[in-house]
Colleague: 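One structure follows; several queries about it will come next.
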Amino acid sequence: MDWTDDSEDDDNISWESDEEAKPENSGPPPATNLPTVEQEDHTGPSRVSPADPSRSKLISHFVGMGFVEDMVTKVIDENGERDVNTLLETLLTYKVIGTSTSSPRPSNNKKKGPDDDFSDISSVDFSDADYVENEIEEEDISEEDRKLLTLVEMGFSTDEAASAVGRCGQNASILELADSIHAAQLAEGVEGPEEEFPWTCWSEDESTTSFIFGASTDKKRIRRWSDIDRRKRMKMYSQGSRNEDDEDLPSLSLPNPMIGFGLPNGRPLLTHRKLPEAAMGPPYFYYENVALAPRGVWDTISRFLYDIEPEFVDSKFFCAAARKRGYIHNLPIHNRFPLLPLPPRTIFEAFPMTKKWWPSWDTRTHLNCLQTCTASAKLTERIRSALADSDDPPSHNTRQFVINECRKWNLVWVGLHKVAPLEPDEIEMLLGFPRNHTRGGGSSRTERYKSLGNSFQVDTVAYHLSVLKDMFPNGITMLSLFSGIGGAEVALHRLGIHLKAVVSVEISEVNRNIVRSWWEQTNQTGTLIDIADVQQLNGDKLEQLIHTFGGFDLVVGGSPCNNLAGSNRVSRDGLEGKHSALFYDYFRILDLVKNIMGKES
DNA sequence: CACAGTATGACAGGCACG
DNA sequence: CGTGCCTGTCATACTGTG
């Protein structure tokens, strides 16, 4: 499966285009810049030339993040100070290059040449003489030492790094070593030495680079994810430099591209995080809502949900339709795997019949977010007549009109000059549900659109939940809040995870019927209990349920987005809105479950 | 009454530009 | 760094129809 065929998209992966547009980025060599213990003697602003205030501020900022000053200086020299985002990307790229030389791939750790090491970072020019020179220098460091250095850079102690190499052998990859240390920490029940979230890496695929946040060897300099500093970094990461006055505003920024902690087939998938003590299970939990909520909403949600950083993912990387969502969960994030078969990932793959009628000037390869409303017949007729009356190809204005409406309403081409909204069963397919999942059972067409528009994208959610399969070979007991049409249930079922018991809370009777009907049709052998209102789920009721089922393994829920979604022109009131305030019920119930289960164990 | 159709912007992020 | 422009967004309220 090729996860890179988006490259012709207009929403190119930003670092690709950035790097390609800047061949001069081939600058500083990676190897000598591998952070080492010497790094601890680097200082802040004092060593920075005061000649240029903005420059020295920039340098000390990056140095404070754990980059070596020489490397920072060099990167600024080459890129200028204008685009902080580019600077950070470049610095991180060099860091990753350095890391990758010391971490052979798990499947291929034979002798390797430079090409092997860097083939996945094609956008950087390695013909640079500096690079060759430093590759030679790097040969002087033993393989084991390089791994130790990398682990230390990731925030582990030298003792832990050495023990991990001892346990896993010298041929183990960095990822395996990091996992081993993490597992050892969990087994011992001790707080990790480097606070939570020592580093995070988003990696994509063979043609892209990876990002690492906050790597540093200095314990005191490690930034807690929950600190305000992370906002600064996220802000820089996603938007470049901003007004300093904004820094106190509690506002998380969205990553671009929106790929969460990594995608299927991402290579190498260097993901590892340490959660705050209070966030850890049991039970595991998984919370979802729209990514583009009003300012401050995700900060609040994150603060309530034990300060876990949201994972923002756009489902366009999983299927043919976009769906930008934030997920907060305490699940492990390594060894994820996608649902099979992989769903169609472009419009043409999903709807081959449309290709015949698709005009060349409609360059869409993905649909936008599937919503609860669809275009009217009147609009599609306006489009048809506009095209029928115009030349071939149509004028710029006509094309623009048609394209805008097609994007806005997710229209597809079904005939000459003829566009149409998706049918409910087509949306079911895009979202990963079985065909006719919402059909029948007293569900009207409008209700189907509404239920589907409010649902999970199953493949995306399943990818995150896939880590549960090995952990619960005998199946799981789940509390599903705001179940809707059962996206989480379908995801777990498709993953082959047995559902021992599901307590489903859903206000809509139509949706409850859909889930019940699906449950019966898939011959589930477990128990399904449905409850209409989250308000009914008080401490007594939960205690009773937990007693009956021996606790919950997983608490899933996507609370209502009505007052958060951008489409809402009337009552986009944020988390305090009538519907979206139900988030607090999610938190209340999750916290109750944690407390009750904590007592019983 | 149920259902379908329709009109109804605000707002934030990304980008190019000066 | 500010500005303008473009783009995208799990929706609500009202009206018409049978």
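These numbers come from a predicted model, not from an experiment. Naming convention: chains lettered A, B, ... in sequence-line order (proteins, then strands); numbering from 1 in each chain.
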Colleague: Any N or O donor-acceptor pair linking the side chain of E447(A) to the base of dC3(B) at under 3.5 Å?
Modeller: no
Colleague: With respect to the phosphate group of dG13(B), does any side-chain polar atom (N or O) of R295(A) fall under 4.0 Å of OP1 or OP2?
Modeller: yes
Colleague: Does G566(A) or P294(A) map to a spot on DNA chain B nearer the 5' end, using the closest nucleotide for each?
Modeller: G566(A)
Colleague: To the nearest Å, give me how far apart CG (L292(A)) and P (dG14(B)) are.
Modeller: 9 Å
Colleague: Without decimals, in angstroms, what is the distance between F312(A) CZ and dA12(B) C1'?
Modeller: 13 Å
Colleague: Which one, dT12(C), dC10(C), dA4(B), comes nearest to the side chain of S571(A)?
Modeller: dT12(C)
Colleague: Under 3.5 Å, sequence neighbours excluded: what are the donor-acceptor pairs made by side chains of residues 555-563 of chain A?
Modeller:
{"residue": "S559(A)", "atom": "OG", "partner": "Y287(A)", "partner atom": "OH", "Å": "2.5"}
{"residue": "S559(A)", "atom": "OG", "partner": "N289(A)", "partner atom": "ND2", "Å": "3.4"}
{"residue": "N563(A)", "atom": "OD1", "partner": "K578(A)", "partner atom": "N", "Å": "3.3"}
{"residue": "N563(A)", "atom": "OD1", "partner": "H579(A)", "partner atom": "N", "Å": "2.8"}
{"residue": "N563(A)", "atom": "OD1", "partner": "S580(A)", "partner atom": "N", "Å": "2.9"}
{"residue": "N563(A)", "atom": "ND2", "partner": "S571(A)", "partner atom": "O", "Å": "2.9"}

Colleague: Between dA11(C) atom C1' and D573(A) atom CG, what is the distance in whole Å?
Modeller: 12 Å
Colleague: For residues F304(A) and Y584(A), establish whether the separation of their ring centroids is below 6.0 Å.
Modeller: yes
Colleague: Hey, does the side chain of Q371(A) come within less than 4.0 Å of dC10(C)'s phosphate (OP1/OP2), counting only N and O?
Modeller: no
Colleague: Decide if the gap between the ring center of H464(A) and the ring center of Y327(A) is smaller than 6.0 angstrom.
Modeller: yes
Colleague: Please determine if E423(A) and R445(A) form a salt bridge, counting it only when a charged side-chain N lies under 4.0 Å from a carboxylate O.
Modeller: yes
Colleague: Taking the six-membered ring for Trp, are W518(A) and H493(A) ring centroids under 6.0 Å apart?
Modeller: yes
Colleague: Kindly point out which of dA4(B), dT12(C), dT7(C) is positioned nearest to the side chain of T446(A)?
Modeller: dA4(B)
Colleague: What integer distance in Å separates N410(A):CG from dC10(C):C1'?
Modeller: 13 Å
Colleague: Give me, pair by pair, the N or O atoms of the protein and of nucleotides 5-7 of chain B that are less than 3.5 Å apart, along with how far apart they are.
Modeller:
{"residue": "dT6(B)", "atom": "OP2", "partner": "S376(A)", "partner atom": "OG", "Å": "3.1"}
{"residue": "dT6(B)", "atom": "OP2", "partner": "A377(A)", "partner atom": "N", "Å": "3.2"}

Colleague: Please measure how far the P atom in dC10(C) lies from the corresponding atom in dT6(B), and state the result in whole Å.
Modeller: 24 Å
Colleague: It should be established whether K324(A) places a side-chain nitrogen or oxygen under 4.0 Å from OP1 or OP2 of nucleotide dT9(C).
Modeller: yes
Colleague: Quickly work out the K408(A) NZ to dC6(C) C1' distance and round it to whole Å.
Modeller: 13 Å
Colleague: Begin from the C-alpha positions of Y284(A) and F552(A) and carry the test ring-ring contact (aromatic ring centres under 6.0 Å, His included) through to its verdict.
Modeller: CA-CA 8 Å; Y284(A) 286 110; F552(A) 291 109; over 10 Å; no
Colleague: Can you tell which of dC10(C), dC11(B), dA13(C) lies closest to the side chain of N454(A)?
Modeller: dC10(C)
Colleague: Would you mind classifying the nucleic acid contact of S451(A) as base, sugar-phosphate or nothing, using non-hydrogen atoms under 4.0 angstrom?
Modeller: nothing
Colleague: In whole angstroms, how far is the C1' atom of dT9(C) from the CG atom of L370(A)?
Modeller: 12 Å
Colleague: Return one dot-bracket line describing DNA chain B 5' to 3' (Watson-Crick or G-U wobble pairs, both distances under 3.5 Å; ( ) same strand, [ ] crossing, | another strand, . none).
Modeller: ||||||||.|||||||||
Colleague: Heavy-atom count around D391(A) CG within 6.0 Å, excluding the residue itself: above 12?
Modeller: no
Colleague: Under 4.0 Å from OP1 or OP2 of dA4(B): is there any side-chain N or O of S444(A) that close?
Modeller: yes
Colleague: Quick one: is dT7(C) close enough that its OP1 or OP2 comes under 4.0 Å of any side-chain N or O from R407(A)?
Modeller: no
Colleague: Checking the side chain of S443(A) only, and the main-chain atoms of G440(A) only, is there a donor and an acceptor separated by less than 3.5 Å?
Modeller: no
Colleague: Taking 4.0 Å as the cut-off, does a side-chain nitrogen or oxygen of N562(A) come that near to OP1 or OP2 on dT12(C)?
Modeller: yes
Colleague: Let me know the distance between NE2 of H579(A) and P of dC10(C), rounded to the nearest Å.
Modeller: 15 Å
Colleague: Less than 4.0 Å between a side-chain N and a carboxylate O, is that true for K324(A) and E311(A)?
Modeller: no
Colleague: By nearest heavy atom, map Q400(A) and S455(A) onto DNA chain C; which one lands nearer the 5' end?
Modeller: Q400(A)
Colleague: In this structure, how many angstroms lie between the C1' atom of dT9(C) and the CG atom of D314(A), rounded?
Modeller: 12 Å
Colleague: Look only at the side chain of Q457(A) and the backbone of D459(A), and say whether a donor-acceptor pair between them is shorter than 3.5 Å.
Modeller: yes
Colleague: Check this for me: E381(A), atom CD, are more than 12 non-hydrogen atoms of other residues, nucleotides or ligands nearer than 6.0 Å?
Modeller: yes
